[in-house]
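Beneath this line is the structure, given in C-alpha coordinates, with notes to follow.
Per chain, numbering begins at 1; letters A, B, ... match sequence-line order. Quantities reported herein were computed from a predicted structural model and do not represent experimental measurements.
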Number of protein chains: 2
Amino acid sequence: MSNEQDTRTAFMEATYRALCKHGYADLTMQDIADETDKSKAALHYHFDGKDDLFRSFLAYLHEGFLEEIADHPDGTPVERLVALVRRVLDPVDDEGDRQFNTAFMEIKAQAPYRDGYRQVLRRFDADLHGEVAALVAAAVEAGQYGPDTEPDEIADHVLTYIHGTWTRAAAIGADVVSMREHLVEDLLDLLVDGAEVPVSPAHTDATTVEEPTDAAADDGTEEVTSR
Amino acid sequence: MSNEQDTRTAFMEATYRALCKHGYADLTMQDIADETDKSKAALHYHFDGKDDLFRSFLAYLHEGFLEEIADHPDGTPVERLVALVRRVLDPVDDEGDRQFNTAFMEIKAQAPYRDGYRQVLRRFDADLHGEVAALVAAAVEAGQYGPDTEPDEIADHVLTYIHGTWTRAAAIGADVVSMREHLVEDLLDLLVDGAEVPVSPAHTDATTVEEPTDAAADDGTEEVTSR
DNA sequence: ACTAACTAACTGGCCAGTCAGTCAAAAACG
DNA sequence: CGTTTTTGACTGACTGGCCAGTTAGTTAGT
(Lines give C-alpha, C1' and ligand atoms only; values in the text may rest on other atoms or scores of the structure.)
Protein backbone atom coordinates (compact mmCIF):
# COMPACT_ATOMS: atom_id res chain seq x y z
CA MET A 1 0.00 0.00 0.00
CA SER A 2 0.85 3.66 0.26
CA ASN A 3 1.60 4.73 -3.24
CA GLU A 4 0.97 8.36 -3.98
CA GLN A 5 -2.41 7.89 -5.64
CA ASP A 6 -3.90 5.71 -2.90
CA THR A 7 -2.90 8.17 -0.23
CA ARG A 8 -4.33 11.10 -2.12
CA THR A 9 -7.58 9.22 -2.54
CA ALA A 10 -7.59 8.36 1.15
CA PHE A 11 -7.25 12.06 1.90
CA MET A 12 -10.13 12.86 -0.44
CA GLU A 13 -12.37 10.46 1.42
CA ALA A 14 -11.13 11.82 4.72
CA THR A 15 -11.93 15.33 3.56
CA TYR A 16 -15.47 14.24 2.80
CA ARG A 17 -15.93 12.78 6.27
CA ALA A 18 -14.31 15.72 8.02
CA LEU A 19 -16.45 18.12 6.05
CA CYS A 20 -19.61 16.36 7.16
CA LYS A 21 -18.47 16.42 10.78
CA HIS A 22 -17.20 19.97 11.02
CA GLY A 23 -18.67 21.94 8.11
CA TYR A 24 -16.53 23.93 5.75
CA ALA A 25 -16.17 27.03 7.88
CA ASP A 26 -14.36 25.36 10.69
CA LEU A 27 -12.66 22.59 8.93
CA THR A 28 -8.96 22.40 9.78
CA MET A 29 -6.18 20.47 8.15
CA GLN A 30 -5.87 18.63 11.44
CA ASP A 31 -9.53 17.56 11.25
CA ILE A 32 -8.87 16.01 7.86
CA ALA A 33 -5.68 14.33 8.94
CA ASP A 34 -7.50 12.92 11.97
CA GLU A 35 -9.81 11.02 9.64
CA THR A 36 -6.82 9.06 8.36
CA ASP A 37 -3.91 7.26 10.00
CA LYS A 38 -1.61 9.94 8.63
CA SER A 39 -0.35 13.19 10.13
CA LYS A 40 -1.26 16.75 9.24
CA ALA A 41 2.21 17.21 7.77
CA ALA A 42 1.52 14.34 5.38
CA LEU A 43 -1.41 16.36 4.03
CA HIS A 44 0.92 19.24 3.33
CA TYR A 45 3.32 16.82 1.74
CA HIS A 46 0.70 15.66 -0.78
CA PHE A 47 -1.08 18.94 -1.41
CA ASP A 48 0.23 22.45 -1.78
CA GLY A 49 -1.81 23.91 1.02
CA LYS A 50 -5.44 24.02 1.91
CA ASP A 51 -6.52 25.69 -1.30
CA ASP A 52 -4.92 23.11 -3.53
CA LEU A 53 -6.38 20.34 -1.40
CA PHE A 54 -9.84 21.77 -1.79
CA ARG A 55 -9.51 22.33 -5.47
CA SER A 56 -8.62 18.67 -5.81
CA PHE A 57 -11.47 17.70 -3.56
CA LEU A 58 -13.99 19.50 -5.72
CA ALA A 59 -12.67 17.78 -8.81
CA TYR A 60 -13.00 14.47 -6.96
CA LEU A 61 -16.61 15.30 -6.06
CA HIS A 62 -17.31 16.26 -9.63
CA GLU A 63 -16.40 12.78 -10.81
CA GLY A 64 -18.88 11.27 -8.41
CA PHE A 65 -21.52 13.77 -9.44
CA LEU A 66 -21.16 12.81 -13.09
CA GLU A 67 -21.91 9.22 -12.17
CA GLU A 68 -24.88 10.27 -10.10
CA ILE A 69 -26.51 12.22 -12.88
CA ALA A 70 -25.68 9.76 -15.65
CA ASP A 71 -28.81 8.59 -17.46
CA HIS A 72 -30.09 5.08 -16.82
CA PRO A 73 -31.67 4.32 -20.15
CA ASP A 74 -34.85 2.51 -19.24
CA GLY A 75 -38.27 4.02 -19.57
CA THR A 76 -39.53 6.98 -21.53
CA PRO A 77 -37.53 10.22 -21.59
CA VAL A 78 -39.89 11.88 -19.13
CA GLU A 79 -39.65 8.94 -16.75
CA ARG A 80 -35.87 9.21 -16.88
CA LEU A 81 -36.08 12.96 -16.37
CA VAL A 82 -38.22 12.53 -13.30
CA ALA A 83 -35.89 9.82 -12.04
CA LEU A 84 -32.94 12.19 -12.48
CA VAL A 85 -34.62 14.96 -10.55
CA ARG A 86 -35.48 12.53 -7.76
CA ARG A 87 -31.93 11.22 -7.67
CA VAL A 88 -30.44 14.69 -7.45
CA LEU A 89 -32.94 15.91 -4.91
CA ASP A 90 -33.08 12.90 -2.72
CA PRO A 91 -30.05 12.13 -0.62
CA VAL A 92 -31.84 13.26 2.48
CA ASP A 93 -32.54 9.79 3.84
CA ASP A 94 -28.94 9.51 4.96
CA GLU A 95 -27.90 11.79 7.80
CA GLY A 96 -24.36 11.94 6.43
CA ASP A 97 -25.63 13.07 3.05
CA ARG A 98 -27.71 15.79 4.63
CA GLN A 99 -24.68 17.12 6.43
CA PHE A 100 -22.76 16.98 3.22
CA ASN A 101 -25.38 19.04 1.41
CA THR A 102 -25.13 21.56 4.17
CA ALA A 103 -21.38 21.77 3.86
CA PHE A 104 -21.68 21.97 0.10
CA MET A 105 -23.82 25.08 0.53
CA GLU A 106 -20.93 26.67 2.37
CA ILE A 107 -18.67 25.87 -0.53
CA LYS A 108 -21.12 27.47 -2.95
CA ALA A 109 -21.14 30.52 -0.75
CA GLN A 110 -17.35 30.74 -1.02
CA ALA A 111 -17.37 30.45 -4.79
CA PRO A 112 -17.67 34.20 -5.38
CA TYR A 113 -14.38 34.69 -3.59
CA ARG A 114 -12.52 31.73 -5.07
CA ASP A 115 -12.17 31.48 -8.79
CA GLY A 116 -11.14 27.86 -8.59
CA TYR A 117 -14.28 26.86 -6.75
CA ARG A 118 -16.50 28.84 -9.05
CA GLN A 119 -15.14 27.16 -12.14
CA VAL A 120 -15.83 23.69 -10.81
CA LEU A 121 -19.29 24.65 -9.58
CA ARG A 122 -20.08 26.00 -13.01
CA ARG A 123 -19.24 22.55 -14.34
CA PHE A 124 -21.60 20.90 -11.88
CA ASP A 125 -24.31 23.25 -13.02
CA ALA A 126 -23.56 22.96 -16.71
CA ASP A 127 -23.36 19.17 -16.63
CA LEU A 128 -26.67 18.80 -14.88
CA HIS A 129 -28.16 21.40 -17.18
CA GLY A 130 -26.91 19.44 -20.17
CA GLU A 131 -28.33 16.18 -18.90
CA VAL A 132 -31.74 17.72 -18.22
CA ALA A 133 -31.85 19.50 -21.57
CA ALA A 134 -30.92 16.28 -23.36
CA LEU A 135 -33.77 14.41 -21.69
CA VAL A 136 -36.22 17.18 -22.48
CA ALA A 137 -35.09 17.13 -26.09
CA ALA A 138 -35.55 13.38 -26.14
CA ALA A 139 -39.04 13.84 -24.73
CA VAL A 140 -39.86 16.23 -27.54
CA GLU A 141 -38.43 13.76 -30.02
CA ALA A 142 -40.59 11.02 -28.52
CA GLY A 143 -43.68 13.20 -28.69
CA GLN A 144 -44.13 13.35 -24.92
CA TYR A 145 -43.49 17.08 -24.89
CA GLY A 146 -44.83 19.50 -27.49
CA PRO A 147 -42.58 20.35 -30.44
CA ASP A 148 -42.32 23.98 -29.35
CA THR A 149 -40.77 23.03 -26.00
CA GLU A 150 -37.37 24.68 -25.54
CA PRO A 151 -35.04 22.18 -23.83
CA ASP A 152 -32.61 24.86 -22.67
CA GLU A 153 -35.31 26.97 -21.13
CA ILE A 154 -36.87 24.06 -19.30
CA ALA A 155 -33.46 22.93 -18.13
CA ASP A 156 -32.73 26.41 -16.84
CA HIS A 157 -35.98 26.46 -14.96
CA VAL A 158 -35.31 23.05 -13.47
CA LEU A 159 -31.76 23.98 -12.46
CA THR A 160 -32.86 27.14 -10.71
CA TYR A 161 -35.59 25.26 -8.91
CA ILE A 162 -33.15 22.55 -7.83
CA HIS A 163 -30.69 25.08 -6.45
CA GLY A 164 -33.55 26.72 -4.63
CA THR A 165 -34.55 23.43 -3.08
CA TRP A 166 -31.04 22.74 -1.88
CA THR A 167 -30.74 26.23 -0.45
CA ARG A 168 -34.06 26.33 1.33
CA ALA A 169 -33.50 22.87 2.71
CA ALA A 170 -30.12 23.76 4.12
CA ALA A 171 -30.76 27.32 5.26
CA ILE A 172 -34.18 27.03 6.82
CA GLY A 173 -34.80 23.29 6.94
CA ALA A 174 -37.63 23.29 4.43
CA ASP A 175 -39.00 19.94 3.33
CA VAL A 176 -37.08 18.63 0.34
CA VAL A 177 -39.57 15.98 -0.66
CA SER A 178 -42.51 18.31 -1.04
CA MET A 179 -40.48 20.81 -3.08
CA ARG A 180 -39.12 17.99 -5.19
CA GLU A 181 -42.53 16.52 -5.95
CA HIS A 182 -43.75 19.99 -6.80
CA LEU A 183 -41.08 20.12 -9.48
CA VAL A 184 -41.95 16.64 -10.67
CA GLU A 185 -45.55 17.73 -11.10
CA ASP A 186 -44.45 20.70 -13.17
CA LEU A 187 -42.50 18.33 -15.37
CA LEU A 188 -45.49 16.06 -15.78
CA ASP A 189 -47.78 19.01 -16.53
CA LEU A 190 -45.69 19.68 -19.60
CA LEU A 191 -46.79 16.39 -21.15
CA VAL A 192 -48.90 16.77 -24.28
CA ASP A 193 -52.50 15.89 -23.55
CA GLY A 194 -52.50 12.39 -25.00
CA ALA A 195 -49.38 11.08 -23.39
CA GLU A 196 -49.84 9.98 -19.80
CA VAL A 197 -46.89 8.57 -17.95
CA PRO A 198 -47.28 6.19 -15.02
CA VAL A 199 -44.51 7.69 -12.93
CA SER A 200 -45.80 9.54 -9.95
CA PRO A 201 -46.34 6.77 -7.36
CA ALA A 202 -43.66 5.45 -5.04
CA HIS A 203 -42.79 8.58 -3.13
CA THR A 204 -44.06 10.77 -0.32
CA ASP A 205 -44.93 7.68 1.73
CA ALA A 206 -41.88 6.40 3.53
CA THR A 207 -39.92 9.41 2.48
CA THR A 208 -42.15 12.05 4.00
CA VAL A 209 -41.57 10.73 7.49
CA GLU A 210 -38.15 12.35 7.67
CA GLU A 211 -37.27 15.87 8.73
CA PRO A 212 -37.58 15.63 12.49
CA THR A 213 -34.47 17.78 12.47
CA ASP A 214 -36.81 20.65 12.38
CA ALA A 215 -39.79 19.66 14.46
CA ALA A 216 -37.38 19.29 17.36
CA ALA A 217 -36.50 22.16 19.64
CA ASP A 218 -36.97 25.11 17.34
CA ASP A 219 -38.75 28.29 18.14
CA GLY A 220 -42.34 29.03 17.31
CA THR A 221 -41.96 30.91 14.08
CA GLU A 222 -41.91 27.96 11.72
CA GLU A 223 -44.21 28.88 8.77
CA VAL A 224 -41.54 27.78 6.32
CA THR A 225 -42.82 24.85 4.36
CA SER A 226 -46.35 26.15 4.24
CA ARG A 227 -48.66 23.71 5.86
CA MET B 1 -24.84 62.73 19.73
CA SER B 2 -23.53 59.39 20.92
CA ASN B 3 -26.39 57.97 22.83
CA GLU B 4 -26.51 54.21 23.00
CA GLN B 5 -29.07 53.74 20.25
CA ASP B 6 -27.32 55.93 17.68
CA THR B 7 -24.03 54.18 18.20
CA ARG B 8 -25.59 50.76 17.87
CA THR B 9 -27.25 51.85 14.65
CA ALA B 10 -23.95 53.24 13.39
CA PHE B 11 -22.39 49.83 14.07
CA MET B 12 -25.20 48.12 12.20
CA GLU B 13 -24.52 50.25 9.15
CA ALA B 14 -20.81 49.68 9.55
CA THR B 15 -21.41 45.95 9.68
CA TYR B 16 -23.28 46.16 6.41
CA ARG B 17 -20.43 47.99 4.71
CA ALA B 18 -17.77 45.74 6.18
CA LEU B 19 -19.71 42.67 5.13
CA CYS B 20 -19.83 43.89 1.55
CA LYS B 21 -16.11 44.60 1.54
CA HIS B 22 -14.84 41.46 3.20
CA GLY B 23 -17.56 38.85 2.99
CA TYR B 24 -18.84 36.99 6.02
CA ALA B 25 -16.11 34.38 6.21
CA ASP B 26 -13.32 36.78 6.83
CA LEU B 27 -15.10 39.57 8.52
CA THR B 28 -13.37 40.63 11.72
CA MET B 29 -14.52 42.84 14.54
CA GLN B 30 -11.72 45.18 13.53
CA ASP B 31 -13.10 45.43 9.99
CA ILE B 32 -16.42 46.56 11.37
CA ALA B 33 -14.89 49.03 13.79
CA ASP B 34 -12.79 50.43 10.93
CA GLU B 35 -16.00 51.44 9.18
CA THR B 36 -16.79 53.78 12.06
CA ASP B 37 -14.83 56.36 14.00
CA LYS B 38 -14.96 54.07 17.00
CA SER B 39 -12.57 51.40 18.21
CA LYS B 40 -12.94 47.65 18.20
CA ALA B 41 -13.33 47.68 21.97
CA ALA B 42 -16.33 49.99 21.59
CA LEU B 43 -17.98 47.22 19.60
CA HIS B 44 -17.44 44.84 22.48
CA TYR B 45 -18.81 47.48 24.80
CA HIS B 46 -22.10 47.67 22.91
CA PHE B 47 -22.50 44.04 21.93
CA ASP B 48 -21.79 40.86 23.85
CA GLY B 49 -19.38 39.43 21.34
CA LYS B 50 -19.50 38.64 17.66
CA ASP B 51 -22.48 36.36 17.90
CA ASP B 52 -24.67 38.86 19.63
CA LEU B 53 -23.60 41.54 17.17
CA PHE B 54 -24.58 39.36 14.28
CA ARG B 55 -27.86 38.35 15.79
CA SER B 56 -28.68 42.03 16.13
CA PHE B 57 -27.49 42.70 12.62
CA LEU B 58 -29.82 40.09 11.19
CA ALA B 59 -32.75 41.58 13.07
CA TYR B 60 -31.76 44.98 11.67
CA LEU B 61 -31.69 43.56 8.16
CA HIS B 62 -35.03 41.94 8.72
CA GLU B 63 -36.62 45.32 9.39
CA GLY B 64 -35.30 46.65 6.11
CA PHE B 65 -36.47 43.53 4.32
CA LEU B 66 -39.99 44.00 5.60
CA GLU B 67 -40.06 47.46 4.07
CA GLU B 68 -38.66 46.14 0.82
CA ILE B 69 -41.34 43.51 0.41
CA ALA B 70 -44.21 45.66 1.65
CA ASP B 71 -46.97 45.91 -0.91
CA HIS B 72 -47.40 49.16 -2.85
CA PRO B 73 -51.12 49.09 -3.47
CA ASP B 74 -51.42 50.36 -6.99
CA GLY B 75 -52.36 48.17 -9.90
CA THR B 76 -53.97 44.75 -10.06
CA PRO B 77 -52.85 42.01 -7.67
CA VAL B 78 -50.82 40.29 -10.39
CA GLU B 79 -49.09 43.54 -11.31
CA ARG B 80 -48.16 44.01 -7.68
CA LEU B 81 -47.01 40.40 -7.46
CA VAL B 82 -44.74 40.84 -10.45
CA ALA B 83 -43.46 44.11 -9.03
CA LEU B 84 -42.64 42.33 -5.77
CA VAL B 85 -40.72 39.61 -7.52
CA ARG B 86 -38.79 42.19 -9.52
CA ARG B 87 -38.02 44.18 -6.38
CA VAL B 88 -36.74 41.15 -4.53
CA LEU B 89 -34.78 39.83 -7.47
CA ASP B 90 -33.33 43.03 -8.71
CA PRO B 91 -30.62 44.65 -6.67
CA VAL B 92 -28.00 43.73 -9.20
CA ASP B 93 -27.61 47.17 -10.71
CA ASP B 94 -25.71 48.32 -7.66
CA GLU B 95 -22.31 46.74 -7.16
CA GLY B 96 -22.64 47.12 -3.39
CA ASP B 97 -25.93 45.26 -3.38
CA ARG B 98 -24.47 42.46 -5.42
CA GLN B 99 -21.70 42.04 -2.88
CA PHE B 100 -24.24 42.09 -0.15
CA ASN B 101 -26.24 39.30 -1.76
CA THR B 102 -23.06 37.31 -1.98
CA ALA B 103 -22.32 37.84 1.69
CA PHE B 104 -25.91 37.00 2.56
CA MET B 105 -25.45 33.63 0.88
CA GLU B 106 -22.62 32.94 3.29
CA ILE B 107 -24.91 33.74 6.16
CA LYS B 108 -27.53 31.34 4.82
CA ALA B 109 -24.83 28.71 4.60
CA GLN B 110 -24.04 29.21 8.28
CA ALA B 111 -27.66 28.92 9.34
CA PRO B 112 -27.54 25.14 9.79
CA TYR B 113 -24.87 25.60 12.44
CA ARG B 114 -26.36 28.62 14.20
CA ASP B 115 -29.83 28.36 15.62
CA GLY B 116 -30.11 32.11 15.96
CA TYR B 117 -29.40 32.71 12.31
CA ARG B 118 -31.77 30.00 11.17
CA GLN B 119 -34.65 31.42 13.12
CA VAL B 120 -34.27 34.86 11.56
CA LEU B 121 -33.84 33.42 8.08
CA ARG B 122 -37.03 31.48 8.57
CA ARG B 123 -38.72 34.78 9.25
CA PHE B 124 -37.37 36.26 6.04
CA ASP B 125 -38.67 33.25 4.17
CA ALA B 126 -42.02 33.17 5.94
CA ASP B 127 -42.65 36.88 5.52
CA LEU B 128 -41.95 36.82 1.82
CA HIS B 129 -44.00 33.67 1.52
CA GLY B 130 -46.87 35.38 3.28
CA GLU B 131 -46.69 38.44 1.07
CA VAL B 132 -46.66 36.36 -2.11
CA ALA B 133 -49.47 34.13 -0.94
CA ALA B 134 -51.55 37.18 -0.02
CA LEU B 135 -51.11 38.67 -3.47
CA VAL B 136 -51.97 35.38 -5.13
CA ALA B 137 -55.07 35.12 -3.00
CA ALA B 138 -55.98 38.68 -3.98
CA ALA B 139 -55.50 37.72 -7.63
CA VAL B 140 -57.89 34.84 -7.19
CA GLU B 141 -60.33 37.16 -5.49
CA ALA B 142 -60.04 39.60 -8.38
CA GLY B 143 -60.60 36.85 -10.92
CA GLN B 144 -57.12 37.15 -12.43
CA TYR B 145 -56.18 33.67 -11.27
CA GLY B 146 -58.52 30.69 -11.41
CA PRO B 147 -60.55 29.91 -8.28
CA ASP B 148 -58.74 26.58 -7.81
CA THR B 149 -55.35 28.28 -7.50
CA GLU B 150 -53.69 27.45 -4.20
CA PRO B 151 -51.94 30.57 -2.87
CA ASP B 152 -49.66 28.62 -0.53
CA GLU B 153 -48.54 26.27 -3.23
CA ILE B 154 -47.79 29.05 -5.67
CA ALA B 155 -45.99 30.99 -2.99
CA ASP B 156 -43.90 27.95 -2.15
CA HIS B 157 -42.99 27.54 -5.77
CA VAL B 158 -42.07 31.20 -6.09
CA LEU B 159 -39.99 31.13 -2.91
CA THR B 160 -38.02 28.12 -4.01
CA TYR B 161 -37.39 29.66 -7.38
CA ILE B 162 -36.27 32.93 -5.82
CA HIS B 163 -33.82 31.16 -3.52
CA GLY B 164 -32.53 29.28 -6.53
CA THR B 165 -31.99 32.49 -8.43
CA TRP B 166 -30.05 34.04 -5.56
CA THR B 167 -27.94 30.93 -5.19
CA ARG B 168 -27.13 30.44 -8.85
CA ALA B 169 -26.36 34.11 -9.26
CA ALA B 170 -23.94 34.12 -6.33
CA ALA B 171 -22.35 30.72 -6.77
CA ILE B 172 -21.86 30.53 -10.51
CA GLY B 173 -22.63 34.05 -11.64
CA ALA B 174 -25.76 33.12 -13.56
CA ASP B 175 -27.81 35.93 -15.02
CA VAL B 176 -30.38 37.16 -12.52
CA VAL B 177 -32.50 39.08 -14.97
CA SER B 178 -33.19 36.19 -17.28
CA MET B 179 -34.06 33.88 -14.40
CA ARG B 180 -36.26 36.56 -12.90
CA GLU B 181 -38.19 37.20 -16.11
CA HIS B 182 -38.61 33.47 -16.49
CA LEU B 183 -40.41 33.47 -13.16
CA VAL B 184 -42.46 36.51 -14.15
CA GLU B 185 -43.62 34.66 -17.25
CA ASP B 186 -44.68 31.69 -15.14
CA LEU B 187 -46.69 34.05 -13.01
CA LEU B 188 -48.34 35.60 -16.04
CA ASP B 189 -49.07 32.18 -17.54
CA LEU B 190 -51.28 31.50 -14.56
CA LEU B 191 -53.70 34.24 -15.61
CA VAL B 192 -57.12 33.01 -16.60
CA ASP B 193 -57.57 33.25 -20.35
CA GLY B 194 -59.57 36.48 -20.47
CA ALA B 195 -57.44 38.60 -18.21
CA GLU B 196 -54.38 40.07 -19.91
CA VAL B 197 -52.07 42.29 -17.93
CA PRO B 198 -49.79 44.87 -19.53
CA VAL B 199 -46.80 44.34 -17.29
CA SER B 200 -43.86 42.68 -18.99
CA PRO B 201 -41.92 45.56 -20.65
CA ALA B 202 -39.12 47.58 -19.07
CA HIS B 203 -36.39 45.03 -18.48
CA THR B 204 -33.64 42.95 -20.14
CA ASP B 205 -32.19 45.91 -22.01
CA ALA B 206 -29.41 47.65 -20.14
CA THR B 207 -29.44 45.04 -17.45
CA THR B 208 -28.57 42.01 -19.55
CA VAL B 209 -25.15 43.37 -20.45
CA GLU B 210 -23.54 42.21 -17.23
CA GLU B 211 -21.65 38.98 -16.53
CA PRO B 212 -18.30 39.26 -18.22
CA THR B 213 -17.00 37.57 -15.09
CA ASP B 214 -17.01 34.31 -16.93
CA ALA B 215 -15.97 34.95 -20.47
CA ALA B 216 -12.59 35.99 -19.09
CA ALA B 217 -9.83 33.47 -18.49
CA ASP B 218 -11.78 30.31 -17.81
CA ASP B 219 -10.02 27.30 -19.20
CA GLY B 220 -11.47 24.02 -20.34
CA THR B 221 -10.31 21.43 -17.86
CA GLU B 222 -7.81 22.47 -15.19
CA GLU B 223 -7.36 19.00 -13.65
CA VAL B 224 -5.98 20.80 -10.63
CA THR B 225 -3.33 19.00 -8.64
CA SER B 226 -3.25 15.43 -9.84
CA ARG B 227 -0.87 14.47 -12.54
C1' DA C 1 -17.59 62.81 42.09
C1' DC C 2 -19.83 59.75 39.41
C1' DT C 3 -20.89 57.39 35.35
C1' DA C 4 -21.42 56.20 30.44
C1' DA C 5 -18.78 55.83 26.55
C1' DC C 6 -15.07 55.05 25.04
C1' DT C 7 -9.49 53.62 23.86
C1' DA C 8 -4.71 51.45 23.52
C1' DA C 9 -2.44 47.80 24.64
C1' DC C 10 -2.41 43.31 25.73
C1' DT C 11 -3.54 38.03 26.16
C1' DG C 12 -4.50 33.48 24.90
C1' DG C 13 -5.87 30.24 21.69
C1' DC C 14 -6.01 28.51 17.22
C1' DC C 15 -4.36 27.14 12.90
C1' DA C 16 -1.75 26.93 8.27
C1' DG C 17 2.31 26.04 7.11
C1' DT C 18 7.49 24.68 7.93
C1' DC C 19 11.46 22.16 9.26
C1' DA C 20 14.70 18.85 10.67
C1' DG C 21 14.73 14.79 10.98
C1' DT C 22 13.22 9.13 10.68
C1' DC C 23 12.57 4.98 8.25
C1' DA C 24 11.91 1.53 4.87
C1' DA C 25 12.36 0.21 0.41
C1' DA C 26 14.42 0.84 -4.11
C1' DA C 27 18.70 1.86 -6.94
C1' DA C 28 23.42 1.91 -7.66
C1' DC C 29 27.63 -0.09 -7.11
C1' DG C 30 31.66 -3.32 -6.57
C1' DC D 1 25.71 -11.36 -3.65
C1' DG D 2 26.13 -7.68 0.20
C1' DT D 3 26.81 -2.90 1.07
C1' DT D 4 26.00 1.94 0.48
C1' DT D 5 23.37 5.79 -1.36
C1' DT D 6 19.25 7.78 -2.72
C1' DT D 7 14.63 8.70 -2.60
C1' DG D 8 9.72 8.86 -1.34
C1' DA D 9 6.60 8.94 2.36
C1' DC D 10 6.03 10.43 6.46
C1' DT D 11 6.23 12.58 11.58
C1' DG D 12 6.54 15.61 15.92
C1' DA D 13 7.59 19.80 17.31
C1' DC D 14 7.65 24.31 16.34
C1' DT D 15 6.56 29.24 14.45
C1' DG D 16 4.29 33.26 13.14
C1' DG D 17 0.23 35.55 12.29
C1' DC D 18 -4.36 36.47 13.24
C1' DC D 19 -8.26 37.52 15.88
C1' DA D 20 -11.94 37.52 19.71
C1' DG D 21 -12.15 39.09 23.77
C1' DT D 22 -10.19 41.61 28.18
C1' DT D 23 -8.33 45.04 31.05
C1' DA D 24 -6.73 49.10 33.02
C1' DG D 25 -7.18 53.15 32.22
C1' DT D 26 -9.02 58.16 30.00
C1' DT D 27 -12.43 61.57 28.86
C1' DA D 28 -16.64 64.16 28.73
C1' DG D 29 -21.01 65.10 30.38
C1' DT D 30 -24.10 65.85 34.47
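Ring-centre distance between B/Tyr161 and A/Tyr161: not below the 6.0 Å cut-off. Ring centers of B/His157 and A/His182: under 6.0 Å apart, within the cut-off. Note: A/Phe104 and A/Phe124 meet the aromatic proximity criterion, with ring centroids under 6.0 Å apart.
For the pair A/Lys38 NZ and D/dG12 P, the interatomic distance rounds to 13 Å; values are reported in whole Å. Protein atom CG of A/Asp6 is 15 Å distant from nucleotide atom C1' of D/dG8, rounded to whole Å. The distance between atom CZ of B/Arg8 and atom C1' of C/dA4, rounded to the nearest whole Å, is 15 Å. What separates CG of A/Asn3 from C1' of D/dC10 is a distance of 15 Å, to the nearest Å. If you take NE2 of B/His46 and P of C/dA4, they are 12 Å apart, rounded to a whole angstrom. When rounded to the nearest whole Å, the span between CG of A/Leu43 and P of D/dC10 equals 11 Å.
In terms of phosphate contacts, A/Tyr45 brings no side-chain nitrogen or oxygen within less than 4.0 Å of OP1 or OP2 of D/dC10. Taking only side-chain nitrogens and oxygens, B/Thr7 comes nearer than 4.0 Å to OP1 or OP2 of C/dC6.
Closest to the B/Glu4 side chain, of the nucleotides D/dG8, D/dT11, C/dA5, is C/dA5.
Under the Watson-Crick or G-U wobble criterion, with both distances below 3.5 Å, D/dT6 is paired with C/dA25.
Remark: the backbone N or O of A/Gly116 is not paired with any side-chain donor or acceptor of A/Arg55 at under 3.5 angstrom.
A salt bridge between B/Arg168 and A/Asp125 is present, with a side-chain N of the basic residue lying under 4.0 Å from a carboxylate O of the acidic one.
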Report, one pair per line, the protein and nucleotides 18-24 of chain D atoms (nitrogen or oxygen only) whose separation is under 3.5 Å.
from: D/dA20; atom 1: OP1; to: B/Lys50; atom 2: NZ; distance (Å): 3.1
from: D/dA20; atom 1: OP2; to: B/Met29; atom 2: N; distance (Å): 3.1
from: D/dA20; atom 1: N7; to: B/Lys40; atom 2: NZ; distance (Å): 3.4
from: D/dG21; atom 1: OP2; to: B/Lys50; atom 2: N; distance (Å): 2.8
from: D/dG21; atom 1: N7; to: B/Lys40; atom 2: NZ; distance (Å): 2.8
from: D/dG21; atom 1: O6; to: B/Lys40; atom 2: NZ; distance (Å): 2.6

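Counting only residues at least two apart or on different chains, the side-chain hydrogen bond (donor to acceptor under 3.5 Å, both in side chains) pairs with a member in residues 56-67 of chain B are B/His62-B/Asp127.
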